[in-house]
Undergrad: 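Submitted below is the structure of interest, expressed as structure tokens.
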Amino acid sequence: MRIVLVHGSWHTGAEWAPVAAALRAAGHEVHTPTVAGHGHGVDKCVDHAQCTQSIVDYLQEHALTDVVLLGHSYGGTIICKVVEAVPERIARLVFWNAFVPRDGESLLDNVPPHYRSLFQSLSEASPDGSVTMPFQVWREAFVNDADLAEAQRTYALLSSEPFQPMADKLDLKKFYSLTTPRSYINATEDIALPPGEWGWHPRMSGRLGLYRLVQLSGSHEVMFTAPERLARAIEEAGRD
Amino acid sequence: MRIVLVHGSWHTGAEWAPVAAALRAAGHEVHTPTVAGHGHGVDKCVDHAQCTQSIVDYLQEHALTDVVLLGHSYGGTIICKVVEAVPERIARLVFWNAFVPRDGESLLDNVPPHYRSLFQSLSEASPDGSVTMPFQVWREAFVNDADLAEAQRTYALLSSEPFQPMADKLDLKKFYSLTTPRSYINATEDIALPPGEWGWHPRMSGRLGLYRLVQLSGSHEVMFTAPERLARAIEEAGRD
Amino acid sequence: MRIVLVHGSWHTGAEWAPVAAALRAAGHEVHTPTVAGHGHGVDKCVDHAQCTQSIVDYLQEHALTDVVLLGHSYGGTIICKVVEAVPERIARLVFWNAFVPRDGESLLDNVPPHYRSLFQSLSEASPDGSVTMPFQVWREAFVNDADLAEAQRTYALLSSEPFQPMADKLDLKKFYSLTTPRSYINATEDIALPPGEWGWHPRMSGRLGLYRLVQLSGSHEVMFTAPERLARAIEEAGRD
């Protein structure tokens, strides 16, 4: 398979390295572009359209076709828009604990009120309007399956997240008219969104119409804590 | 244990072979009758009462008692009516991702609206009024844990499903008065019914009153993808 | 870690032995006090405050600090009140399929109506007002992952449960103001509370605010059926 992995908030493409290595060892071609406005030392003043365009550009510059396009978390909002732009390049969409906004919604419309106000106030308190992940939220709700040393090591890899792409309302009429095959990977201990009323699955997955479900044990950041296990789930989700 | 396995829609008793072999290897007696109106080259013009009677006949002709009676999917509606007819023969009911209709309901009353209209229109388009499983639904929502070759191999085993038994409203007053012990097996990646509001568990299991839960990983058709694992779950569900 | 395990209804501290042994083998200090009014041959006429006080006394008499305080089931209501009394002694709270009542609620307010009336009528029928666990409920809904022999062996370990602590309304204003770190362990086949509307997770866990989730396969009594597995989950839930 030709797999393009689109990271989530606070991440860049670099953190996929262990997962990408596991997939390459199984014979797959793996790309890990970084979304515009993400990483250290880059301009955080980007909107959702620019983020999307950076991935579309990557696909076009590398002339990639027959792509299994995976989005993690916030990356789900990106792949929804990327497939609208270049549907002919995409063989299958894979959402891994990812947002699937309804037409007209933003990412922020899809998180519980306490997260919405937290992100808003962190953005307002920041010199460049970006949002820094608080360590305790990371440790308890994002890498709940890691030990403290791994939680600290991975926290140090994070960079602040631009706010505007979370807030932009997305026109997804075309996305909801497409029939590109799609899969949802659910990590069963993921509490980055609180399970239940505001949870990932089946709230987000259920919006995909006919889709394939793959589950694995692990947290929202099982890419760090069990990259081989996630690679196997990506293979099951991405194959024909 | 003496186990009678009642298959679901689009299946016959023959497809149980790998599960039955695993159970027999563990010392159990296993029966896999085919429900009336199911399979290739048989009259699809049957109603739910005839389907039930075919299994009651099987139990009586073979003089089976102390039976662990398992129903898969649509087979759940059959075992609810079989135990009404011959409660003295049944030691325990086991529902494996199976329908447990409420009194007065049909199977169709228990599936989401988009499945109801799909089955209706497939039936109307068919010369004998039966319902053929669309391959993409099979591949994504029924055998989501299989590779493509296994999805194609198992799809070729299916036969069209009579429509009337899905539509018949079932009088289940006696079923809901019985105290036959009962278990529910839930495969955690089963999306044949969409998880959540219309899901198998706990929507169906919760109607059983006091019941035993057994879970295993796998799809709606884990009988094909992991027959040994399903056999172990059946043992845990069926034992005293 | 210094771990204090607070048992649930019908139990005493003694039944933790296999779990405690597994934790001690991994280098942890483990305490398993028995809550007042629990066990054979003791006065069942206790209220919730006396139950709480018995655990507070234990912590103070043994001068325990930096405690990972775990409550199982009913034990959740105890640890909520213990941390109010001695917050300076507690490093982290761990709720294992445990009740987390809202301010002003009793345990009985948090169980489905059929359990509420069952416990009430069992209490009224008992000479000392206590509640005896019915064997069939134990076998099907509490140790659903055990075989019959193990269900019988463990049933013989149980003692009748005082009723008043279930019925006492708890003032939990201070608990809900504390920021003691907290984890929730969920056994995925636990049906002691019916999954869904009345289930453990995410209904109870979701009341904890920012918390860490750990899941393991097993029933409400996985302490008997897989004590090593539970010990590993306690380590993941209790560590910093």
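Order of the sequence lines sets the chain letters (A, B, ...), proteins ahead of strands, with each chain counted from 1. Every value quoted in this text rests on a predicted model; they were computed, and no experiment measured them.
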Undergrad: Does a side chain donor of either B/H220 or B/S73 reach within less than 3.5 Å of an acceptor in the other side chain?
TA: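 Yes, B/S73 and B/H220 have a side-chain donor paired with an acceptor closer than 3.5 Å.
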Undergrad: For A/H48, check ring-ring contact (aromatic ring centres under 6.0 Å, His included) against everything at least two apart and list the hits.
TA: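 Counting only residues at least two positions away or on another chain, A/H48 forms no ring-ring contact (aromatic ring centres under 6.0 Å, His included).
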Undergrad: Write out, in numerical order, the residues from residues 119-148 of chain B with a heavy atom short of 4.5 Å from a heavy atom in chain A.
TA: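 Contacts with chain A: B/Q136, B/V137, B/R139, B/E140, B/A141, B/N144, B/D145, B/A146, B/D147, B/L148.
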Undergrad: Which residues pass the salt bridge (Lys or Arg N to Asp or Glu O under 4.0 Å) test with B/R24, sequence neighbours left out?
TA: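 Once residues adjacent in sequence are excluded, B/R24 has no partner under the salt bridge (Lys or Arg N to Asp or Glu O under 4.0 Å) criterion.
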Undergrad: Name, in order of residue number, those residues of residues 185-195 of chain B that have a heavy atom at a distance of less than 4.5 Å from a heavy atom in chain A; otherwise write 'none'.
TA: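 So the qualifying residues are B/T188, B/E189, B/I191, B/P195.
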Undergrad: Within the 3.5 Å criterion, strictly below it, is a donor on B/H7 or B/E15 matched to an acceptor on the partner's side chain?
TA: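 No, B/E15 and B/H7 have no side-chain donor paired with an acceptor closer than 3.5 Å.
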Undergrad: With side chains defined as the heavy atoms from C-beta onward, is the minimum distance between B/F163 and B/K44 less than 4.5 Å?
TA: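 When only atoms from C-beta onward are counted, B/K44 and B/F163 do not touch, as no gap falls below 4.5 Å.
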Undergrad: Check for me whether A/R182 meets the cation-pi criterion with A/Y176, that is, NZ or CZ under 6.0 Å from the six-membered ring centre and within 45 degrees of the ring axis.
TA: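 Judged by the rule (NZ or CZ under 6.0 Å from the ring centre, within 45° of its axis), A/R182 is not positioned above A/Y176.
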Undergrad: For the pair A/R92 and A/S183, evaluate side chain to side chain donor-acceptor pair (under 3.5 Å) and give the outcome as yes or no after the intermediate values.
TA: CA-CA 8 Å; A/R92 182 177 284 268; A/S183 299; 3.0 Å; yes
Undergrad: Does this structure show an ion pair linking B/K169 with B/D109, if we count only N-O contacts that are shorter than 4.0 Å?
TA: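 Salt bridge present between B/K169 and B/D109.
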Undergrad: Is there a side-chain contact between A/V35 and A/I55, using heavy atoms and a 4.5 Å cut-off?
TA: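 Yes. Closest side-chain heavy atoms under 4.5 Å.
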Undergrad: Against chain B, label A/L210 side chain, backbone, both or neither, depending on which of its atoms sit under 4.5 Å from a heavy atom there.
TA: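 Contact with chain B: side chain only.
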Undergrad: Decide, yes or no, whether a salt bridge links A/E236 with A/R232 under the criterion of side-chain N to carboxylate O below 4.0 Å.
TA: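 Answer for the salt bridge query: no.
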Undergrad: Counting heavy-atom pairs under 4.5 Å to chain B, which of A/E235, A/R212, A/H201, A/Q215 comes out on top?
TA: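 Greatest number of close heavy-atom pairs with chain B: A/R212.
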